[in-house]
Amino acid sequence: MKNDVAHYISQTAKELQPSGIRKFFDLAAGMKDVISLGVGEPDFITPWNIREAAILSLEQGFTSYTANAGLLELREEISAYLGTRFGVSYNAKNQIIVTVGASQAIDLAFRAILNQGDEVLIVEPAFVSYAPLVSLAGGKPIAVSTSAENGFKVTPEQIEQAITEKTKAILLCFPNNPTGTSLNKAELMEIAKIIEKHDLLVVSDEIYAELSYDETFTSFAAIPGMYERTILINGFSKGFAMTGWRLGMLAAPKEFVEAMLKIFQYTTLCAPTMLQYGAIEALRNTYHEVESMQRSYRRRRNYVVQTLNNIGLDCHTPGGAFYVFPSIRATGLTSEQFAEELLMQEKVAVVPGNVFGECGEGYIRCSYATSMSQLQEALKRMQRFLETKGIMPRAVTGITSQV
């Protein structure tokens with residue numbers, strides 16, 4: 001064996017970059033008195049009835065493998081949930097897979113549809129795993145950049161300009177991580193025309209569907225003509241406060257699911273059994289909790305957006321998820337510099353916007369999935385930091401508590 005271990009590492013693995021989100025999370029983890037607005041995780045504990053259902057399944061001895069696609073009982077609940085909430089109909093027996101997190105569902109989708117060199121359009125700023133997952137599946141990620149001037153909304157014209165003869169699919173995520181931007185039904189229908197015109201597939205990441213605040217969420221699969229072209233991704237992490245459970249779901253036409261299930265059989269076999277029983281309970285009896293969490297996030301969003309603008313950072317109002325994406329260009333710092341200095345000087349952790357794509361430079365991502373008291377303290381610290389950079393409050397003095 002050669003002394004140089006790197007000699008044995010694949011070129012693909014060598015070229016993958018570590019997550020920019022985790023970099024700042026790890027830095028913050030080693031410091032005292034840090035307020036983290038970095039990681040996209042609800043501050044709510046998974047509702048007790050969900051936890052109890054998982055515990056009960058263990059006590060009853062339900063510890064065997066399930067079907068590869070997941071418990072049929074859970075898939076039936078997912079089918080009913082997608083139909084009731086979003087108006088899309090999927091057969092529980094052959095159109096749904098229970099996955100280990102939504103990220104695995106996206107991975108399965110790309111592996112099932114991409115040939116070597118196929119291009120996938122990714123609307124940026126975008127979650128950090130999308131482009132690497134395309135690359136790992138042999139595809140080529142192509143960025144479609146958006147801007148704050150348009151509320152970070154992608155236009156049909158932008159998508160069409162990025163399409164080449166190698167374009168196979170587009171990945172859409174609305175509400176978006178990191179910007180929180182949402183698209184309404186009319187806007188999605190205009191995008192659908194371009195997708196149909198160029199015969200593209202759609203991987204629609206709808207993990208934040210339950211966290212839509214100002215308009216009714218529209219699943220892309222529900223847009224006329226898009227059902228047969230769409231692999232719908234969703235999960236339990238965000239809306240149901242089940243991040244550590246790592247349970248996702250995908251739904252698609254039967255032929256796509258058959259291809260993805262073959263890959264799933266060899267790589268994972270099935271999602272953990274006891275967690276699937278918890279998910280059944282989540283879908284049956286927890287929607288009032290989901291609505292309560294959504295209302296809390298909406299109040300926090302309003303407070304954070306108002307306060308960021310008041311202390312001197314331009315910030316659009318996101319339509320969903322639990323992130324804001326303010327501009328820090330007025331400070332003269334890069335996104336990385338701002339995040340590092342804020343962490344070191346005021347012990348507030350945020351994520352530099354450039355990790356979500358080149359068009360994210362000049363912005364930071366702040367998660368408001370933490371308590372109001374923590375948000376108030378974090379924004380006081382941020383204001384203090386901004387004042388050292390010559391950025392003074394605009395409309396008010398200090399931090400308000402208006403929601």
Side-chain angles (χ1 to χ4, degrees), residues 39-58 62 66-86 88 90 92 95-109 127 129 173-175 177 203-212 217 219 221 231-252 257 260 264 268-297 320-323 367 369:
V39 178
E41 180 170 34
D43 62 316
F44 297 102
I45 297 172
T46 303
W48 167 244
N49 63 309
I50 300 175
R51 289 178 280 150
E52 185 178 42
I55 293 168
L56 180 61
S57 75
L58 284 171
F62 297 153
T66 71
N68 295 131
L71 290 166
L72 179 58
E73 187 178 3
L74 174 53
R75 283 180 280 145
E76 288 172 342
E77 291 297 331
I78 291 172
S79 176
Y81 168 72
L82 294 176
T84 300
R85 289 288 296 128
F86 310 119
V88 287
Y90 291 96
Q95 289 189 288
I96 294 171
I97 302 176
V98 181
T99 60
V100 182
S103 292
Q104 185 186 45
I106 297 168
D107 182 36
L108 288 171
F127 182 50
S129 74
C173 174
F174 297 104
N177 175 9
V203 178
S204 185
D205 184 354
E206 303 180 6
I207 190 69
Y208 294 100
E210 291 294 357
L211 303 180
S212 297
F217 176 80
S219 173
I231 298 174
L232 187 158
I233 309 295
N234 208 319
F236 297 87
S237 293
K238 313 300 183 178
F240 292 88
M242 295 171 65
T243 53
W245 295 61
R246 307 310 305 129
L247 276 179
M249 62 180 88
L250 65 82
V257 168
M260 289 184 281
F264 191 64
T268 306
L269 190 66
C270 68
T273 303
M274 66 291 302
L275 306 187
Q276 293 190 52
Y277 281 103
I280 291 170
E281 175 65 19
L283 293 175
R284 283 180 179 169
N285 299 310
T286 318
Y287 201 71
H288 63 288
E289 297 265 12
V290 173
E291 291 178 324
S292 176
M293 288 187 280
Q294 183 200 69
R295 288 193 295 271
S296 178
Y297 289 136
F322 40 54
Y323 310 106
S367 169

Heavy atoms only: give me the nearest Ser212-Ala209 pair and the separation to one decimal. OG-O, 3.1 Å
Strictly distance-based, threshold 3.5 Å: is any side-chain N or O of Asn68 a donor or acceptor partner for the main-chain N or O of Leu269? yes
Do Thr46 and Thr243 come close enough that some side-chain heavy atom pair is under 4.5 Å? no
Under the ring pair (Phe, Tyr, Trp, His ring centres under 6.0 Å) test against Tyr208, which residue among Phe127, Tyr297, Phe240, Tyr323 passes? Tyr323
Considering all heavy atoms of both residues, which atom of Glu210 and which atom of Gly239 are nearest to each other, and what is their separation? CB-CA, 4.2 Å
Tell me if a side-chain donor or acceptor on Ser292 pairs with a main-chain N or O of His288 at a distance below 3.5 Å. no
Under 3.5 Å, is there a donor-acceptor pair between the Thr286 and Glu281 side chains? no
Leu71 to Gln276 - nearest heavy-atom pair and separation: N-OE1, 2.7 Å
Any idea which heavy atoms bring Ile96 and Ala69 closest together, and the distance? O-CB, 3.7 Å
Using atom types as modelled and distance alone, determine if a side-chain donor or acceptor of Asn234 lies under 3.5 Å from a backbone N or O of Phe236. no
Could Arg284 and Glu73 be called an ion pair, given the rule that one side-chain N must be under 4.0 Å from one carboxylate O? yes
Closest approach of Leu82 and Ala251, non-hydrogen atoms and distance? CD1-CB, 3.9 Å
Do Trp245 and Ser237 have side-chain N/O donor and acceptor atoms under 3.5 Å apart? no
Which atom pair, heavy atoms only, marks the closest approach of Pro175 to Ala321? CB-N, 3.6 Å
Any chance the side chains of Arg75 and Tyr90 put a donor and an acceptor closer than 3.5 Å? no
Does the ring center of Phe86 lie less than 6.0 Å from the ring center of Tyr81? yes
Rounded to the nearest 0.5 Å, what separation is found between the CD1 atom of Ile97 and the CD atom of Gln104? 9.0 Å
Out of curiosity, Glu206 CD to Arg85 CZ, how far, rounded to the nearest 0.5 Å? 11.5 Å
Is it the case that the side chain of Thr99 and the backbone of Gly101 share a donor-acceptor pair, with hydrogens and angles ignored and the cut-off at 3.5 Å? yes
